[in-house]
Q: 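Before we start, here is the structure in question, set down as structure tokens.
Order of listing sets the numbers, starting from 1, for every ligand and every atom in it. We number each residue from 1, following the sequence as shown. This is a predicted model, so every value here is computed, not measured.
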Amino acid sequence: MPQAVGSSIPSKTVSVGGLPPTVTVLLRAFEQSREAILITDAENLIVAVNPAFTEMTGYDVAETLGKDPKILSSGHAEPDFFVQMWQSLAQDSFWQGEIWDKRKDGSTYPKWLSISVIRDETGAVQNYVANFNDISSSKEAADRLAHLAYHDPLTQLPNRLSFEAQLTQSLRICEREGRQLALMVIDLDNFKNINDTLGHHIGDEVLKKVALRLRDCIRASDLVARLGGDEFVVVLPEIDGPMVAARVANKIQQSLADSYMVAGYALYATPSIGISLFPSDGQDTATLLRNADSAMYHAKSAGRNNHQFYASRMNEAAGDRLRLESALRVAVAAISPTDSEFLLHFQPQIEASTGRIIGLEALLRWNSPVFGSVSPLRFIGIAEETGLIQPLGDWVIWETCRQIRELKSHGFDDIRVAINISAQQLRHENLLLLVRGALACYDLQPGDIELEVTESTAMQNTEVTLGILDQLADMGILLAIDDFGTGYSSLAYLKHLPIKHLKIDRSFVTDIETDANDAAICAATIALGHNLGLKLVAEGVETEQQREFLCRLGCDVLQGYLYSKPLPFDE
Ligand code: C2E
Ligand code: CA
Ligand code: CA
């Protein structure tokens, strides 16, 4: 009779002295079971545990007797879990399931647990008997199997099965939320050559490196998978438009085009990429895949190492856009103190009451050797998306200050020049440093410049924006809200901005005489602005009638073709 166990067996089952043979057998079974066994009384306090229990949990008999089995709990289970367990014990006198417990040393493990209720003749609970197994090793094996089922063993990327499952799910989300999605099929040019001439083991190394580079080209929320052979797919869920896909495709092309060093060889495996878009090119996995595939063959026949959209008009639009983008990159990188493809034009601002020029607005121009003169309406947006607006905007500030100094040297002493500022520029404290530096460098006063931010810019990221605008205003720099009426700023918010000027958007001025709504908006804006102590500037004044109308409403400053188009500095 094993002492450790005997001492913890409920006294009713142990008759001291000569035990009946069946009881001896039962005790042996209890003691030698490979399954951990724990018995509690009607109050659910532990009355017996077997050696397998001690081995599994680290608790010996003395540490457990009289305790609540809660001591084993890992605390990971949902509160509901135990409610349900106790319900089925009350109802069926039995429960089994998987549960995470904690060993004495604090480590947690999954166990498979069965609990039976022992009742007396009246049905009252006498004991609970729990048996359990540590299932961590079979769980690990199951996890490994699941990983194998869903991953490509060579590259560790998701395989076709998991790609299809994830794409289906992403499509559902995009459909629900009205978003677009891009699917890219990527096939390596020349890969067969590498395999055939140098052998599979070299080819495999290249594939592994390709997988790593692909992962680096995408965000964590995107998906890259290997479909087999040298074919990969990338899914970009929730994109804003085809341009995003074109840009990622470009990045992939550049990254994969670099040589691969394997076993002393410098190998090349450029990609041919086909792109299909949800919802325009297909609504389901199979259609999107088929269309991306056919776009990929198109890319192959178009000379490899390129990407093609399934819908050909996208190729042209994206191609134009990308060429413009890369030309812009080159132009911005080439800006030097003496030379640049960029220049500033200036448009006068006229005081309505006197007809005097009181200021100028600096407007950026780009003369591209490839595209000719490009409107800021086309390239400012690209510069903002690509981050090029930072260096470009810096240049505008420096160049404006340089030209103000020039104006002063010609005797124009009290003309303030307005500079347009993009949202990204307002996100950095270095805007303050830059402005301060440029003013100091050309020996100017803060009052010599004015900064224009659009209404929507002022509304973005309000805390940071407000902080920076406040600091600029503290420096003595005038601030204007541009394109007013096109955003959604609240009056309450406007009151907190340290601004001096409101510029009524051109769209309201254009139809001021013919459209009663526009006239009403102008009138209201002017009244509201004056109430807040602001000066009102009307943009895009083209006719004498518009001027008269605006003057009658009390508008303070007028700007537009009626007075002058934006002109180069000399004019
Ligand atoms: P904006 O700040 O609203 O500039 C006024 C735009 O209206 C200018 O177009 C100007 O040429 C045009 N305009 C002026 N008067 C009239 C008129 O009477 N009739 C008509 N139809 N148009 C008139 P532009 O120069 O093409 O600039 C377009 C936009 O590009 C600007 O709108 C501004 O948002 C942006 N932009 C220009 N330069 C810069 C810059 O240096 N930095 C930043 N961030 N944006 C700039
Ligand atoms: Ca402006
Ligand atoms: Ca404007």
Side-chain angles (χ1 to χ4, degrees), residues 328 331-332 335 340-350 357 359-367 373-404 416-428 431 434-435 438 449-458 460 478-487 489 499 501-512 522 525 536-547 549-550 555 557-569 571:
L328 187 64
V332 170
I335 287 176
S340 132
E341 289 174 21
F342 300 96
L343 69 159
L344 295 176
H345 280 188
F346 297 89
Q347 187 177 37
Q349 298 183 327
I350 313 295
I357 297 183
L360 301 172
E361 177 175 2
L363 292 157
L364 185 57
R365 298 291 176 261
W366 176 25
N367 278 324
S373 107
V374 187
S375 160
L377 295 174
R378 275 186 81 196
F379 72 82
I380 295 283
I382 300 180
E384 287 174 341
E385 273 174 47
T386 51
L388 289 168
I389 195 69
Q390 289 289 7
L392 192 53
D394 288 359
W395 178 84
V396 170
I397 293 171
W398 276 95
E399 181 65 6
T400 305
C401 288
R402 189 181 72 79
Q403 303 210 317
I404 297 175
R416 186 171 51 235
V417 183
I419 303 170
N420 291 286
I421 300 291
S422 284
Q424 273 109 317
Q425 293 174 275
L426 265 189
R427 252 174 246 152
H428 289 281
L431 177 64
L434 189 88
V435 168
I449 61 168
E450 170 172 353
L451 300 184
E452 293 188 4
V453 294
T454 64
E455 186 185 7
S456 50
T457 297
Q460 279 173 32
L478 279 190
L479 299 171
I481 295 290
D482 204 353
D483 301 349
F484 186 75
T486 57
S489 47
I499 49 171
H501 290 164
L502 267 193
K503 299 189 79 176
I504 307 172
D505 190 63
R506 199 171 73 221
S507 56
F508 301 109
V509 174
T510 308
D511 297 325
I512 197 168
C522 283
T525 306
L536 273 294
V537 183
E539 304 183 310
V541 183
E542 295 185 354
T543 68
E544 183 58 32
Q545 287 80 358
Q546 290 168 346
R547 184 192 71 80
F549 203 108
L550 287 159
C555 188
V557 180
L558 308 170
Q559 184 182 349
Y561 293 173
L562 176 65
Y563 299 100
S564 167
K565 294 205 167 189
L567 294 171
F569 181 77
E571 294 172 41

Q: Provide the tally of protein N/O/S atoms nearer than 3.0 Å to the Ca ion (ligand 3).
A: 4
Q: Let me know which protein residues bring a heavy atom to under 4.0 Å of ligand 1; chain then number is fine for ordering.
A: Gln347, Glu361, Leu363, Leu364, Arg365, Pro376, Leu377, Ile380, Val396, Asn420, Ser422, Asp482, Asp483, Arg506, Glu539, Gly540, Val541, Glu542, Gly560, Tyr561, Pro566
Q: With no hydrogens and no angle check, just 3.5 Å: does a side-chain donor-acceptor pair link Gln347 and Gln559?
A: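 A pair is found: one side chain offers a donor N or O, the other an acceptor, under 3.5 Å apart.
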Q: Report, rounded to 10°, the angle at the Ca ion (ligand 2) between the two atoms OE2 (Glu361) and OD1 (Asn420).
A: 90°
Q: Distance alone, cut at 3.5 Å: any donor-acceptor contact between the side chains of Glu361 and Asn420?
A: yes
Q: Under the side-chain contact (heavy atoms from CB on, under 4.5 Å) rule, collect the residues that match up with Thr510, sequence neighbours excluded.
A: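 Here the qualifying residues are Arg506.
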Q: For the CD1 atom of Ile380 and the CG atom of Leu388, what is their distance to the nearest 0.5 Å?
A: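 Ile380 CD1 to Leu388 CG: 11.0 Å, rounded to 0.5 Å.
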Q: Could you check whether the rings of Phe379 and Phe342 sit parallel, tilted or perpendicular, using 30° and 60° as the cut-offs?
A: tilted
Q: Would you confirm whether Gln425, through its side chain, and Ile389, through its main-chain N or O, come within 3.5 Å as a donor-acceptor pair?
A: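 No, the answer is negative, given that no donor and acceptor are paired below the 3.5 Å cut-off.
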Q: Can you tell me how far CD1 of Ile449 sits from CG of Leu451, rounded to the nearest 0.5 angstrom?
A: 5.0 Å
Q: When the ring planes of Phe346 and Phe569 are compared, do they come out parallel, tilted or perpendicular, using 30° and 60° as the limits?
A: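 Because their plane-to-plane angle is over 60°, the rings of Phe346 and Phe569 count as perpendicular.
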Q: Please list, chain by chain and in numerical order, all residues satisfying side-chain hydrogen bond (donor to acceptor under 3.5 Å, both in side chains) with Glu384, sequence neighbours excluded.
A: Ser422
Q: So, the side chain of Gln546 versus the backbone of Thr543: is there a donor-acceptor pair under 3.5 Å, distance only?
A: yes
